[in-house]
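These numbers were taken from a predicted model, which means no experiment stands behind them. Counting from 1, the numbers follow the sequence of the chain as shown.
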Amino acid sequence: MVLLWPMLVFSEFKPWLLLDAQSLVATRRFLAQFLHPALDPAFLQLVLVNTWQTVAMATAGLTLALLGAIPATLIVTERLSISRLGSGRMRPAARLLRQLVRWLLVLLRSVPELVWALLFVRVIGLGPTAGVLAIALTYSGMLGKVYAEILESSDAHAADTLLANGSSRLSALLFGALPESASELVSYTVYRWECAIRGSAVMGFVGAGGLGQRMDESTRNMAGGEVATMLIVFVILVALADMVSKMLRKRLG
């Protein structure tokens with residue numbers, strides 16, 4: 001309590017506001033509609049279109065993130081350093097480049113995708129393009145960091161042998177390091193795809209399109225039935241993504 005109480009005071013935590021007469025009236029009105037999901041065919045069609053847009057945003061953003069994460073992984077993974085393999089230590093230029101890329105990955109993953117989306121909405125306007133770019137930037141930093149850690153912790157014998165015999169770093173990655181870590185790499189990538197789907201819905205609240213933007217509009221209009229329908233669809237969407245993730249893990253296991 002000594003630690004918690006100052007935090008509650010500083011964060012202006014006032015749960016009793018929920019019991020305010022005006023809040024109770026608004027809550028009662030919203031819940032009365034929320035318990036009756038909107039099932040109008042035209043609205044359901046609109047929800048499905050926005051749901052597909054959310055999935056497309058997540059998939060496109062993750063694909064662009066991979067285009068940045070894979071080259072960054074090649075650079076920052078010390079195990080794939082040819083100079084270190086030959087002399088036992090990396091050249092200064094290689095070490096500097098590796099450190100610069102690490103700092104870039106730190107910068108990209110330190111800024112939440114919601115903040116990137118807010119910035120892009122201000123620059124290029126409302127729409128899913130802002131969401132795709134936000135996911136691409138944040139997730140390239142996350143994927144690059146974790147991919148490098150996975151490769152560093154895997155068995156290095158195959159990759160080291162290929163590098164020692166004159167193979168390129170890309171070949172050492174594809175034929176040496178990846179087979180050893182494929183299951184873990186795919187599992188993490190699919191997990192990030194799940195996170196990107198959830199993130200796409202959240203970014204919609206700042207105007208980045210998709211299901212979240214439609215949910216924000218319904219929430220502002222206090223349309224509880226529409227919000228209930230979209231929440232149900234979103235839960236189903238996340239459950240399906242989880243099923244795909246489990247299926248891929250079993251195949252690779």
Side-chain angles (χ1 to χ4, degrees), residues 26 30 33-34 37-72 100-101 103-146 189-241 244:
F30 183 80
Q33 300 179 30
F34 188 83
L39 300 176
D40 180 74
F43 176 72
L44 290 178
Q45 183 178 2
L46 184 63
V47 169
L48 289 177
V49 170
N50 282 274
T51 301
W52 175 244
Q53 189 178 67
T54 298
V55 175
M57 285 170 54
T59 307
L62 187 67
T63 303
L64 291 178
L66 287 171
L67 295 179
I70 292 174
L100 289 175
V101 175
W103 286 339
L104 176 61
L105 293 178
V106 169
L107 172 64
L108 292 176
R109 69 175 182 269
S110 296
V111 181
E113 61 266 36
L114 187 62
V115 176
W116 283 121
L118 191 60
L119 292 175
F120 282 122
V121 164
R122 295 293 181 271
V123 174
I124 62 179
L126 301 175
T129 301
V132 172
L133 292 174
I135 292 174
L137 288 178
T138 300
Y139 281 50
S140 61
M142 293 178 179
L143 292 171
K145 174 183 182 294
V146 177
T189 304
V190 175
Y191 167 71
R192 274 296 152 199
W193 179 65
E194 293 180 42
C195 295
I197 290 177
R198 290 191 291 268
S200 298
V202 174
M203 286 186 292
F205 283 88
V206 297
L211 193 60
Q213 188 168 344
R214 181 64 55 186
M215 192 181 299
D216 180 47
E217 293 172 2
S218 297
T219 304
R220 291 175 184 273
N221 295 327
M222 297 297 288
E226 295 182 358
V227 173
T229 299
M230 286 184 280
L231 284 177
I232 292 171
V233 170
F234 186 64
V235 170
I236 295 173
L237 178 62
V238 173
L240 289 175
V244 171

Provide the closest heavy-atom pair for K145 versus L105 in the form atom of the first, atom of the second, distance.
N-CD1, 4.1 Å
Any chance you could measure M142, atom CE, to R192, atom CZ, to the nearest 0.5 Å?
4.5 Å
According to the side-chain hydrogen bond (donor to acceptor under 3.5 Å, both in side chains) rule, which pairs have a member within residues 50-68, sequence neighbours left out?
T59-W193
For M57 and I135, the nearest pair of non-hydrogen atoms, with its separation, is O-CD1, 4.0 Å
Hey, is the main chain of V111 close enough, under 3.5 Å, to the side chain of T138 for a donor-acceptor pair?
yes
For L104 and L100, run side-chain contact (heavy atoms from CB on, under 4.5 Å): C-alpha distance rounded to whole Å, both residues' side-chain angles, the deciding distance at 0.1 Å, then the answer.
CA-CA 6 Å; L104 176 61; L100 289 175; over 6 Å; no
Nearest heavy atoms of E113 and M203, plus distance in Å:
O-SD, 3.5 Å
Rounded to the nearest 0.5 Å, how far does CD1 of I236 lie from CG of L231?
11.0 Å
To the nearest 0.5 Å, how far apart are CG in L46 and OG1 in T229?
11.5 Å
Counting distance only, does the side-chain N/O of S140 pair as donor-acceptor with the main-chain N or O of L137 below 3.5 Å?
yes
Does any non-hydrogen side-chain atom of L67 lie less than 4.5 Å from one of L64?
yes
Can you see which heavy atom on A201 is nearest to which on F234, and at what distance?
CB-CE1, 3.5 Å
Indicate the atoms forming the closest heavy-atom contact of Y139 with A196, along with that distance.
OH-N, 3.3 Å
Heavy atoms only: give me the nearest L143-A65 pair and the separation to one decimal.
CD1-CB, 4.1 Å
Please list, one pair per line, the donor and acceptor atoms closer than 3.5 Å that link side chains of residues 122-129 to other protein atoms, with sequence neighbours excluded.
none

Do L107 and W103 have side chains that get closer than 4.5 Å, going by heavy atoms?
no
Pairwise salt bridge (charged side-chain N to carboxylate O under 4.0 Å, His left out) hits with a residue in residues 220-229, at least two apart
D216-R220
In this structure, CG of L237 is separated from CD of E194 (nearest 0.5 Å) by 10.0 Å
